[in-house]
Amino acid sequence: MFKKLVEKNRSIRIFDESVELSQEDFLELVDLARLSPAGRNQLSFRFYLVKGEDLKKIYSMLHWAGAIPEWEGPKPGERPGSVILVITEDNTLSPLNAINMGIGIQSMMLGACEKGFGGCIIRAIDHTEIKKVLN
Ligand SMILES: Cc1cc2nc3c(=O)[nH]c(=O)nc-3n(C[C@H](O)[C@H](O)[C@H](O)COP(=O)(O)O)c2cc1C
């Protein structure tokens, strides 16, 4: 039942860090974004799977639960084992692109949840730093 999947798909912020997304699962999730509706059919995004050493480099550039400032975020061992970066060349992110991105990401979140993964959409990231570090 679709409602059950939506209910189950909460924003998870404590993980089993040893769990990584395989390339196959990653591509299946990207496909869900690709199949999602988009205004003007404008799907001008790229997806980049980050794990291992690269993830360690950018980990401090992700910001968790801004509404709970006293919480420092997941501890070592409880951090995500993989992160999917959603990349666009539209630096100012037009409203249409933002809506399209949100719809695509939610499809990916629901797909990940169905596969048994937990995740969290994170907007509060240090874009410029991540770009620099991951080249
Ligand atoms: C566009 C968007 C941006 C978000 N950015 C962040 C973020 O930067 N950091 C974070 O910890 N959670 C972020 N979240 C997760 C929300 O905080 C979360 O969805 C909300 O608290 C409701 O919790 P729930 O998803 O478990 O129902 C974001 C969610 C959305 C949809």
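In listed order, ligands and their atoms are each counted from 1. Because the structure is predicted, anything quoted here is derived from the model rather than measured.
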Is there a side-chain contact (heavy atoms from CB on, under 4.5 Å) between Phe26 and Ile84? Walk through the geometry before answering.
CA-CA 8 Å; Phe26 169 61; Ile84 298 174; 3.9 Å; yes
Can you name the residues that come within less than 4.0 Å of ligand 1, going by heavy atoms only?
Arg10, Ser11, Arg13, His63, Trp64, Ala65, Cys120, Ile121, Ile122, Arg123, Ala124
Below 4.5 Å, heavy atoms only, C-beta onward: do Met61 and Ile125 meet side chain to side chain?
no
When rounded to the nearest 0.5 angstrom, what is the spacing between CG in Leu134 and CD in Glu129?
10.5 Å
List the atom pairs, donor and acceptor, that lie under 3.5 Å between side-chain atoms in residues 64-77 and the rest of the protein, sequence neighbours left out.
{"from": "Trp64", "atom 1": "NE1", "to": "Tyr59", "atom 2": "OH", "distance (Å)": "3.1"}

Are Leu29 and Leu5 connected in a single hydrophobic cluster, I mean Ile/Leu/Val/Met/Phe/Trp/Tyr linked by side-chain heavy atoms less than 4.5 Å apart?
no
Please walk me through it: do Glu78 and Arg13 pass salt bridge (Lys or Arg N to Asp or Glu O under 4.0 Å)?
CA-CA 8 Å; Glu78 296 180 342; Arg13 297 189 182 86; over 6 Å; no
